[in-house]
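Chain identifiers are assigned alphabetically (A, B, ...) following the order of the sequence lines, protein sequences preceding nucleic acid strands; residue numbering begins at 1 within each chain. From a predicted model like this one, the values you see are computed outputs, not experimental measurements.
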Amino acid sequence: MAEPHERAARREGERLAELGRRRGFFFPSYEVYGGVAGLYTYGPHGAALKRHVEAAWRDRFTVKEDNFEIEGPTITPKAVLDASGHTDGFDDMLVTCPSCTASIRADHLIEDHTDVEDAEALPPAKAGTLITEHELACPSCGTPLADEPVESFNLMFETAIGPGDGDPGYLRPETAQSIFVEFPRLAEYARSSLPFGVTQIGTGYRNEISPRKGLIRVREFTMAELETFVDPDRNDPPLDRVADVSLRLYPIDAQRDDGTAYREESVADATDAGIIGDPWIGYYLGVARRWYDRIGVDGDRLRFRQHLPDERSHYASDCWDAEAEIDGDWIEIAGFAHRGCYDLSHHAEASGEEFTVFRPYDEPIERERATVSPDMATLGPEFGTDAPSIAAALEELAETEPGAFADETVLVSVDGARFEVPVDATGFTRETVTETGEHVMPDVIEPSFGIGRTVYTLLVHALETDVVDGEERTFLALDPSIAPTTVAIFPLMDRDGLGEQARDLAASLRSTGLEVDYDDAGNIGRRYRRQDEIGTPYCVTVDYDTLEDDTVTVRDRDTTAQERVAADELPSVIKALLAGDRSIGADG
RNA sequence: GCGUGGGUGGUCUAGCGGCUAGGACCUCAGCCUUCCAAGCUGAUGGCCCGGGUUCAAAUCCCGGCCCACGCACCA
């Protein structure tokens, strides 16, 4: 399915891993103790970059969308994940073929070859028995799997809350659940009106069997999730805001045709044509596309792929992924799921709490309602032990068929036996009640972003090489707004007072809130290259002209072009550059 | 978790039974240098971990850890 992209001979992932280690973006954790697969540390530049990506996400999905952000615990009691379906969903049963060593999902094997449904819920030992009884064989080599052990892999990190054995708990596999469980309170903060959205940026944990590909598949990772709670009947997204955003879509039918036949459609067209089934999903795809553009994901290496029905999560009805191309593979960097009322209804059922909001009617509804108030002093002596059931039957009958109470007596049946009850004894009345609204359980639309994967994508897509004066130059063309360092200040020479001037300039720029690096080591070219490799967009050099007229040069990372500006105008120049209101010319 | 191939200064590597383990780049100090990885001098720093074989192990064997690729997995 992966589209072959011809890239540099050396894999981008490899080049990036090397750059990441050498320049301090990210590297394997705990290496002095041998390392642990799937755990990475962000170095100084990586941590800054990640922080900027998170800030950009917050600005876009929390602030601009007028949502609010919370921060829940990562430790989650078992009951929560039982209710959400994760305890079952995360428990995979594997059986290993003794001949070809293939790992096979035992539950899938059983479901495919027997009448057993929902084999996932079986205990592993029972699954093993079924495999033996039905004489199931390895699907790849045909070796019988009878009596092979079925092992259970729980992909959640388990822990105990409290001393001793404690209460069972897990590190959360997604941040979403810590939002859902607090819904009753969050709805209160939203003043019980839909729609509203709650965001969270935090870590999730999955005990991956086989972590791979640098930051792509790790065991602890940062995600940024937005749960939008919408009224299923009444809330439409503000689609007009993103109507003309163009999306490269890879819907189900295109995948089935096994093509790479993408459809370039505007958000408006794609939702109108039903390619994207839900307008909220369409809306967020548009918002995400704009955000990716802004932070520097290469639009030519980005697509939105619809999940095939069999890969959808247990909670999702329609789901699209944002995928970025890296080394010819398409990597999921965000998921957009319509979770319906799955989570809220499960938590409501399991906890016994209300997970609804009250939705007032436009106009209060006057409704006639028939009620009964059976006179038990009459019914008791008359019907003995059947009296309570008769009373219940009368109540139901009043609701469904009030006309039955029109005569002197009313007939009810309880467990097949018929009883005749005098209407007088039923306390039957018709009354008018005023209903001002109803309780509704919201649907949930969830855009969920992998921050680490986004950071990785930005680095890969920014990694560039050109040739300056016959020398190969590697630079990271990161968007200036997310680059770890915004400005680097150099004295051309650390003598004749240039160093002092440059240090003063760096300090004054820092005081304006910019992230500034100062470097006086080595010749000027070397310092430019250092900054190029960590993606610093602007380098400012204090030279001998500065001593004369208080001007400095500003150099652009991507073009290496320079421009001379007055030192005291530097803050506003940088600000304008960041805002895209000016660019650096070539007049040095 | 299985299979294949790998792990030598910060990075990239040479060495593949006996070497004070070599180089390049980086880094640091000094000199030089008036805008793009220049030069000179000097310095710091290494055989993934644990067993075994051998007079002798970076080198061979076994186990572990980590990495890459393939299989499986990715709710």
Side-chain angles (χ1 to χ4, degrees), chain A residues 10-11 13-15 17-24 27-39 43 81 84-105 107-108 120 138-141 151 153-156 173-174 206-214 216-219 307 310-316 319 327 331-332 335 337 467-475 490-496 498 521-533 539-547 552-555 557 560-562 564 588:
Chain A
R10 194 166 161 219
R11 293 181 45 253
E14 238 172 273
R15 290 176 65 203
E18 191 260 315
L19 182 68
R21 273 196 297 276
R22 197 160 44 77
R23 287 299 189 192
F27 49 86
S29 301
Y30 308 117
E31 269 196 312
V32 295
Y33 287 105
V36 177
L39 298 179
L81 298 161
S84 67
H86 284 90
T87 351
D88 287 340
F90 255 76
D91 232 354
D92 286 345
M93 283 178 284
L94 294 186
V95 59
T96 303
C97 173
S99 171
C100 71
T101 73
S103 285
I104 305 133
R105 280 282 294 267
D107 50 335
H108 289 180
E120 210 177 333
C138 171
S140 54
C141 75
E151 291 175 74
F153 286 99
N154 193 323
L155 297 184
M156 290 195 291
E174 58 175 10
R206 296 179 191 184
N207 201 357
E208 295 286 351
I209 296 169
S210 165
R212 285 287 162 88
K213 293 182 193 297
I216 295 301
R217 232 162 100 197
V218 290
R219 292 190 164 125
H307 275 204
D310 61 354
E311 70 179 307
R312 281 203 287 260
S313 310
H314 58 269
Y315 49 73
C319 194
D327 281 322
I331 306 295
E332 177 193 349
V467 174
V468 174
D469 296 338
E471 292 281 356
E472 190 172 90
R473 182 177 77 111
T474 298
F475 63 104
F490 314 141
L492 184 59
M493 227 69 62
D494 189 12
R495 58 157 67 159
D496 304 326
L498 294 180
N523 74 52
I524 193 77
R526 180 189 301 272
R527 285 176 267 163
Y528 283 139
R529 298 306 164 87
R530 275 194 199 114
Q531 297 299 329
D532 288 340
E533 260 197 340
C539 291
V540 171
T541 301
V542 170
D543 60 14
Y544 285 92
D545 289 354
T546 311
L547 299 178
V552 293
T553 61
V554 181
R555 168 195 182 262
R557 172 196 65 204
T560 74
Q562 285 181 301
R564 185 164 280 279

- request: Using a 4.0 Å heavy-atom cut-off across all strands, classify Glu533(A) as base, sugar-phosphate, or nothing.
  value: base
message: Using the side-chain heavy atoms of Arg526(A), tell me which of these nucleotides is nearest: A75(B), U27(B), C71(B).
response: U27(B)
field: Heavy-atom donor-acceptor pair, Tyr33(A) side-chain to C65(B) base, under 3.5 Å
entry: no
- prompt: Side chain of Arg555(A), base of C36(B): donor and acceptor closer than 3.5 Å?
  reply: yes
Nearest-neighbour nucleotide for the Thr560(A) side chain, A75(B), C36(B), C35(B) considered: C36(B)
Paired nucleotide for A58(B) [Watson-Crick or G-U wobble; both distances under 3.5 Å]: none
message: Heavy atoms from C-beta onward define the side chain here; which of C74(B), C36(B), C35(B) lies closest to that of Val468(A)?
response: C36(B)
task: Examine the base of G10(B) for any acceptor or donor lying under 3.5 Å from a partner atom in the side chain of Arg23(A), and report the outcome as yes or no.
output: no
message: Tell me if the side-chain of Glu208(A) makes a donor-acceptor pair with the base of C74(B), cut-off 3.5 Å, by modelled atom types.
response: no
field: Nucleotide nearest Leu492(A) when distance is taken to its side chain, options A37(B), A38(B), C35(B)
entry: C35(B)
field: For C74(B), the Watson-Crick or wobble counterpart (both distances under 3.5 Å)
entry: none
message: Within the 4.5 Å heavy-atom criterion, are Arg527(A) and Cys539(A) side-chain neighbours or not?
response: no
message: Of the listed nucleotides (A75(B), G70(B), C36(B)), which one gets closest to any side-chain atom of Arg206(A)?
response: A75(B)
field: Distance, rounded to the nearest Å, where Glu14(A) contributes CD and U11(B) contributes P
entry: 15 Å
- prompt: If you look at every strand shown and take non-hydrogen atoms under 4.0 Å, does Arg530(A) touch a base, only sugar-phosphate, or nothing?
  reply: sugar-phosphate
message: My understanding is that a pair needs two contacts under 3.5 Å, Watson-Crick or G-U wobble. By that rule, which nucleotide pairs with U34(B)?
response: none
query: If you pin Glu332(A) and Val36(A) to their nearest nucleotides in RNA chain B, which one's is more 5'?
result: Val36(A)
task: Name the closest nucleotide to the Arg22(A) side chain, picking from U11(B), A75(B), A72(B).
output: U11(B)
Upstream residue (5' side of RNA chain B) when Val542(A) and Leu39(A) are each assigned their closest nucleotide: Val542(A)
- prompt: Rounding to the closest angstrom, what is the interatomic distance between C61(B) and C16(B) at atom P?
  reply: 15 Å
- request: Measure from the side chain of His86(A), starting at C-beta and using heavy atoms only, and say which of A75(B), G1(B), C26(B) lies closest.
  value: A75(B)
field: Pairwise C1' distance, G50(B) and C12(B) [rounded to whole Å]
entry: 28 Å
salt_bridge(Arg529(A), Glu471(A)) N-O dist < 4.0 Å: no
- prompt: Using atom C1' of each nucleotide, how far apart are G63(B) and A24(B) to the nearest Å?
  reply: 35 Å
message: On the side chain of Thr553(A), is there an atom forming a donor-acceptor pair with the base of C35(B) - under 3.5 Å, no angle test?
response: yes
Separation of C74(B) C1' from Glu174(A) CD (nearest whole Å): 14 Å
query: Which base sits across from A14(B) as a Watson-Crick or G-U pair, both distances under 3.5 Å?
result: none
- prompt: Given the C1' atoms of C28(B) and C65(B), what is the spacing between them in whole Å?
  reply: 33 Å
- request: Counting heavy atoms from C-beta on, name the nucleotide in C12(B), U34(B), C36(B) closest to the side chain of Met493(A).
  value: U34(B)
field: N/O (side chain, Asn523(A)) to phosphate O (OP1/OP2, A38(B)) under 4.0 Å
entry: yes
- request: Starting from P on G70(B), measure out to CZ on Arg212(A) and report it in whole angstrom.
  value: 8 Å
query: Using the C1' atom in both, what is the distance from G42(B) to U4(B), to the nearest Å?
result: 46 Å
task: Could you tell me whether Arg217(A) contacts a base, only the sugar-phosphate backbone, or nothing, with contacts defined as non-hydrogen atoms closer than 4.0 Å?
output: base
query: So which nucleotide does G42(B) pair with, by the Watson-Crick or G-U wobble rule with both distances under 3.5 Å?
result: C28(B)
field: Interatomic distance at C1', G15(B) relative to U59(B), whole Å
entry: 9 Å
message: Using the P atom as the point on both nucleotides, what is the distance between U13(B) and U8(B), in whole Å?
response: 8 Å
field: Qualifying residue for salt bridge (Lys or Arg N to Asp or Glu O under 4.0 Å) with Asp532(A), from Arg23(A), Arg555(A), Arg526(A)
entry: Arg555(A)
message: Could you tell me how far apart Asp494(A) (CG) and U34(B) (P) are, to the nearest whole angstrom?
response: 14 Å
- request: Using a 4.0 Å heavy-atom cut-off across all strands, classify Gly335(A) as base, sugar-phosphate, or nothing.
  value: nothing
task: Can you figure out which of A72(B), C12(B), A37(B) approaches the side chain of Glu18(A) most closely?
output: C12(B)
message: Side chain of Ala521(A) only, heavy atoms from C-beta on: which candidate in A37(B), C35(B), C28(B) is closest?
response: C28(B)
- prompt: Say you pick atom P in G18(B) and the same atom in C60(B); how far apart are they, in whole Å?
  reply: 11 Å
message: Return the pairing partner of C69(B) with a 3.5 Å limit on both distances, Watson-Crick or G-U wobble; otherwise return none.
response: G3(B)
message: Between Glu208(A) and Val218(A), is the side chain to side chain contact (heavy atoms under 4.5 Å, CB included) condition met? List the steps.
response: CA-CA 7 Å; Glu208(A) 295 286 351; Val218(A) 290; over 6 Å; no
